[in-house]
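Following: one structure in structure tokens, then a few remarks.
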Amino acid sequence: MMSTEGLQAMLDTAVTAARQAGRLQKERLWGEFTFDFKGEVDIVTEVDRACEELIVSRIAAAFPGHSFLAEENLYADGDPAWRWVIDPLDGTTNYAHGFPWFCVSIALEHEGELTLGVIYHCMMDELFTAVRGGGAFLNGKPIRVSSRKPLRHSLIATGFPYDVARGNENNFRNFFELQLAARGVRRAGAAALDLAYVAAGRLEGYWECKLKPWDVAAGSLLVREAGGMVTNHKGEPHRIGDHRILASNGLIHEEIEALLERAEKSAPLL
Ligand code: IPD
Ligand code: CA
Ligand code: CA
């Protein structure tokens with residue numbers, strides 16, 4: 001059983017770590033930094049690594065024994081009942097090119113249930129937080145998903161996987177169907193921020209394929225706590241290990257689901 005004080009201490013630690021990592025990201029953006037290739041186009045910068053080290057060491061110091069699933073490193077096994085899921089810098093391609101759209105994403109699972117989520121967008125000084133059953137907040141003020149519908153009047157978002165030129169699941173058919181049906185589709189390059197924006201009512205929906213747990217853990221809790229829906233592409237409840245996600249205000253969910261189904265049955269575009 002988790003006390004309210006215990007949960008607040010975990011949230012405070014996650015917020016402090018996210019803000020510190022965000023400060024580092026802001027200071028180093030547009031400066032010199034090294035990067036390595038993880039794949040043909042997929043890179044990791046020294047800032048991603050420095051942020052992960054900062055976040056994990058701060059949380060591990062406050063909660064020794066907890067376990068970690070983070071993007072850039074493997075960590076020794078800890079208590080599986082408490083697992084922090086961390087994307088130290090979501091939007092690395094943007095970051096490396098000086099395109100100021102990226103964030104820190106930190107979530108905590110307790111006994112397999114998402115319990116808290118923090119997303120920090122340093123360039124806008126926007127801190128999105130959620131605790132399970134406690135609502136979602138932006139800089140301390142409650143947020144709700146939008147009440148806009150139908151899809152024709154909605155702004156939605158997506159992203160494409162790094163192996164878009166090679167993989168069979170490149171999201172092009174989905175993009176084609178949804179771009180034709182929605183008011184607009186944005187492709188900004190940071191999955192966690194797309195989810196935070198659905199939670200804040202700035203986007204009506206978001207879908208993507210081939211995501212990792214750290215891309216979606218904090219953001220999916222935010223959307224649910226803001227009154228939205230988070231599923232896979234078939235409308236089944238989304239778990240953070242699922243690669244496909246569909247998040248929305250709930251009002252346009254079925255419309256998007258139907259178009260994703262139609263796209264899946266159509267001929268490949270590449
Ligand atoms: C990526 C971003 C991007 C999404 C990719 C992710 P990274 O994460 O969230 O928006 O389209 O699928 O891998 O590599 O910048 O942390
Ligand atoms: Ca990511
Ligand atoms: Ca990342």
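Start at 1 with the first residue, then count along the sequence. For ligands, and for the atoms within them, numbers begin at 1 and follow the listed sequence.
The distance from ligand 1 to the heavy atoms of Thr92 drops below 4.0 Å at these ligand atoms: 15 (O). Shown in contact with Phe160 at under 4.0 Å from a heavy atom are these atoms of ligand 1, numbered in order with element: 11 (O). Listed by number with element, the atoms of ligand 1 under 4.0 angstrom from any heavy atom of Asp87 are 16 (O). If you number the atoms of ligand 1 from 1 as listed, the ones under 4.0 Å from a heavy atom of Leu89 come out as 16 (O). Close contacts of ligand 1 with Asp90, meaning ligand atoms under 4.0 Å from a residue heavy atom, involve 1 (C), 2 (C), 7 (P), 8 (O), 9 (O), 15 (O), 16 (O). Within ligand 1, counting atoms from 1 as listed, the ones closer than 4.0 Å to a heavy atom of Glu71 are 14 (O), 16 (O). Taking a cut-off of under 4.0 Å to the non-hydrogen atoms of Ala190, the atoms of ligand 1 that pass are 9 (O), 10 (O). The ligand atoms of ligand 1 that sit less than 4.0 angstrom from a heavy atom of Gly91 are 7 (P), 15 (O), 16 (O).
Leu195 and Tyr120 are members of different hydrophobic clusters when ILVMFWY side chains are connected at heavy-atom separations under 4.5 Å. Both Met10 and Ile106 belong to a single network of hydrophobic side chains, linked directly or stepwise wherever heavy atoms of I, L, V, M, F, W or Y lie under 4.5 Å apart. A single hydrophobic cluster is not seen to contain both Ile156 and Ile245; linkage of ILVMFWY side chains at heavy-atom distances under 4.5 Å, directly or through other members, places them apart.
If you check each of Glu208, Arg187, Lys38, Lys210 against atom 11 (O) of ligand 1, the one with the closest non-hydrogen atom is Glu208. Between the choices Gly159, Gly189, Ala192, the shortest heavy-atom distance to atom 3 (C) of ligand 1 belongs to Gly189.
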Task: Thr158 vs Asn171, side chain to side chain donor-acceptor pair (under 3.5 Å): CA-CA, chis, key distance, verdict - done: CA-CA 9 Å; Thr158 192; Asn171 204 25; 2.9 Å; yes
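A 6.0 Å sphere centred on CG of Leu180 holds more than 12 heavy atoms belonging to other residues, nucleotides or ligands.
The set of protein atoms (N, O or S) found at less than 3.0 Å from the Ca ion (ligand 2) reads Asp87 OD2, Asp90 OD1, Asp215 OD1, by chain and number.
With a 4.0 Å heavy-atom cut-off, ligand 1 is reached by the side chain of Leu211 but not by its N, CA, C or O. Under 4.0 Å from ligand 1, the heavy atoms of Asp215 that appear belong solely to its side chain.
A 4.5 Å side-chain heavy-atom check between Thr4 and Gln8 finds every atom pair outside the cut-off.
Here Glu204 does not pair with Arg183 in a salt bridge; the nearest charged N to carboxylate O distance is not below 4.0 Å. Using a cutoff of 4.0 Å between basic side-chain nitrogens and carboxylate oxygens, Arg239 and Glu109 are not scored as salt-bridged. Checked for salt-bridge contact, Lys38 and Asp48 miss the test: no charged N lies under 4.0 Å from a carboxylate O. Under a 4.0 Å N-O distance rule, the pair Arg244/Glu169 qualifies as a salt bridge.
Under the 3.5 Å distance criterion, with hydrogens and angles disregarded, a donor-acceptor pair is assigned to the side chains of Thr231 and His253.
Taking only nitrogen or oxygen atoms, main chain and side chain alike, Pro161 does not reach within less than 3.5 Å of ligand 1.
The aromatic rings of Tyr95 and Phe102 sit perpendicular to each other, their planes meeting at more than 60°, with 30° as the lower class boundary. Below 30°, between 30° and 60°, or above 60°: for Trp82 and His66 the angle between ring planes is below 30°, a parallel geometry.
At a 4.0 Å cut-off, not a single heavy atom of Asp42 sits close enough to ligand 1 to count as contact. The shell of residues lying under 4.0 angstrom from ligand 1, judged by heavy atoms, includes Tyr162.
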